[in-house]
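Some notes on the structure that comes next.
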Amino acid sequence: MGLRRRVRERAPAWVVLVAALTVVASLITGCSASAGTETAPSTVTGQYTGTDTESGLAWIARSELPPEAVDTLDEISAGPPYRYDRDGVTFENREGLLPEQEAGYYQEFTVVTPGSSDRGARRIIWGLQDELYYTDDHYQSFERIAP
C-alpha cells in the first residue's frame, strides 16, 4: 500500500509533465489542443500543405528545397551584392503563373544547378510582400515556398 500511495502522490506531477509536453509539442508543430478543427498555416513549414489559396500553387517547405535553393534564400535575406548579375532583376511573370501584380513587383534569383554550365533552370522569385516561389523548370511551373 505504501507504493500505491507514492504513485498517487506523484500522479499529479506526472499529469502536469504530460500536459506541459503536450503544450510544447503543440507549439512546435503548430497544432491546436482542440481536436477536429483545422487551423490556418503557422510559421512551422510542415503546416503548409495542399494549395496556397492566394496563388493557387502547391506549398513547398524550405526543408524540401534543394540545398542550393536554401543558399539562395540566405543570399536574398542578406541583400546585394548577389552572386549573379541577373539576380534581383525584375521577373515579368510573362507566363502568368504567379498572381498578377504591377510591373516590377517580382524579382528573380538564380538557384545553382549542379552540373550546369550556365545558370541552369532553377530560380526563386521574390515578391514585394515577401512571398517566395520556386521553379526548377525555368518558369514552366512554380511552388509557393512556405515562410
Side-chain angles (χ1 to χ4, degrees), residues 7 9-147:
V7 170
E9 289 172 2
R10 291 184 185 184
W14 179 79
V15 170
V16 170
L17 178 61
V18 169
L21 290 174
T22 302
V23 169
V24 170
S26 295
L27 292 172
I28 291 171
T29 62
C31 296
S32 172
S34 58
T37 60
E38 190 171 322
T39 59
S42 70
T43 56
V44 178
T45 57
Q47 296 299 309
Y48 289 89
T49 59
T51 304
D52 169 35
T53 56
E54 187 177 320
S55 67
L57 299 171
W59 286 106
I60 185 168
R62 184 180 172 119
S63 61
E64 296 172 330
L65 291 168
E68 298 85 5
V70 175
D71 292 344
T72 300
L73 289 172
D74 292 341
E75 289 176 21
I76 294 169
S77 293
Y82 301 114
R83 185 185 322 196
Y84 294 94
D85 63 346
R86 299 282 306 153
D87 286 354
V89 301
T90 297
F91 174 72
E92 297 178 15
N93 195 24
R94 284 183 234 151
E95 297 79 4
L97 298 177
L98 301 183
E100 189 174 326
Q101 298 290 348
E102 70 274 4
Y105 183 85
Y106 295 113
Q107 294 179 3
E108 69 175 80
F109 296 87
T110 305
V111 174
V112 173
T113 304
S116 179
S117 60
D118 59 14
R119 289 175 61 214
R122 303 188 302 180
R123 302 282 187 277
I124 288 178
I125 307 300
W126 173 74
L128 291 178
Q129 293 182 14
D130 290 330
E131 64 271 43
L132 295 161
Y133 303 91
Y134 175 69
T135 179
D136 62 2
D137 55 13
H138 204 260
Y139 319 125
Q140 299 305 304
S141 67
F142 287 93
E143 294 171 290
R144 175 91 188 260
I145 301 173

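In what follows, residues are counted from 1 in the order of the sequence shown. Every value quoted in this text rests on a predicted model; they were computed, and no experiment measured them. What you see below is based on every heavy atom in this structure, not just the backbone, and it leaves out hydrogens, waters and symmetry mates.
Not one N or O on the side chain of Thr135 forms a donor-acceptor pair closer than 3.5 Å with the backbone of Arg123. Thr110 contributes no side-chain N or O that, together with a main-chain N or O of Val112, makes up a donor-acceptor pair within less than 3.5 Å. Between the Asp52 side chain and the Leu57 main chain, no donor and acceptor come within less than 3.5 Å of each other.
With sequence neighbours excluded, no residue forms a side chain to side chain contact (heavy atoms under 4.5 Å, CB included) with Ser117.
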Working for side chain to side chain contact (heavy atoms under 4.5 Å, CB included), residues Tyr105 and Asn93: CA-CA 10 Å; Tyr105 183 85; Asn93 195 24; over 6 Å; no
Intermediate values then yes/no, side chain to side chain donor-acceptor pair (under 3.5 Å), Arg144 and Ser55: CA-CA 8 Å; Arg144 175 91 188 260; Ser55 67; 4.9 Å; no
Leu98 vs Phe142, side chain to side chain contact (heavy atoms under 4.5 Å, CB included): CA-CA, chis, key distance, verdict: CA-CA 8 Å; Leu98 301 183; Phe142 287 93; 3.7 Å; yes
Working for salt bridge (charged side-chain N to carboxylate O under 4.0 Å, His left out), residues Arg62 and Asp74: CA-CA 11 Å; Arg62 184 180 172 119; Asp74 292 341; 2.7 Å; yes
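In this structure, Tyr133 and Tyr106 have perpendicular ring planes: the angle between them is above 60°, well past the 30° mark.
Interatomic distance, Thr113 OG1 to Arg119 CZ, rounded to the nearest 0.5 Å: 10.0 Å. Within the model, atoms CD1 of Ile76 and CG of Asp87 stand 8.0 Å from one another, a figure rounded to the nearest 0.5 Å. Taken from CZ in Phe109 to CZ in Arg83, the straight-line distance is 13.0 Å, to the nearest 0.5 Å. Taken from CG in Leu132 to CG in Asp130, the straight-line distance is 7.0 Å, to the nearest 0.5 Å. Here CD of Glu108 is found 9.0 Å from CD of Glu92. Values are rounded to the nearest 0.5 Å.
Other residues, nucleotides and ligands place no more than 12 heavy atoms under 6.0 Å from the CD atom of Glu100.
Among Leu65, Asp71, Val70, Thr72, the one residue that satisfies the side-chain contact (heavy atoms from CB on, under 4.5 Å) test with Val111 is Thr72.
Judged purely by distance below 3.5 Å, without hydrogens or angles, the side chains of Glu75 and Tyr84 never pair a donor atom with an acceptor atom.
Contact check for Trp59 versus Glu64: no side-chain heavy atoms found under the 4.5 Å cut-off.
Here the shortest heavy-atom pairing between Gly120 and His138 reads O-CD2, 4.3 Å.
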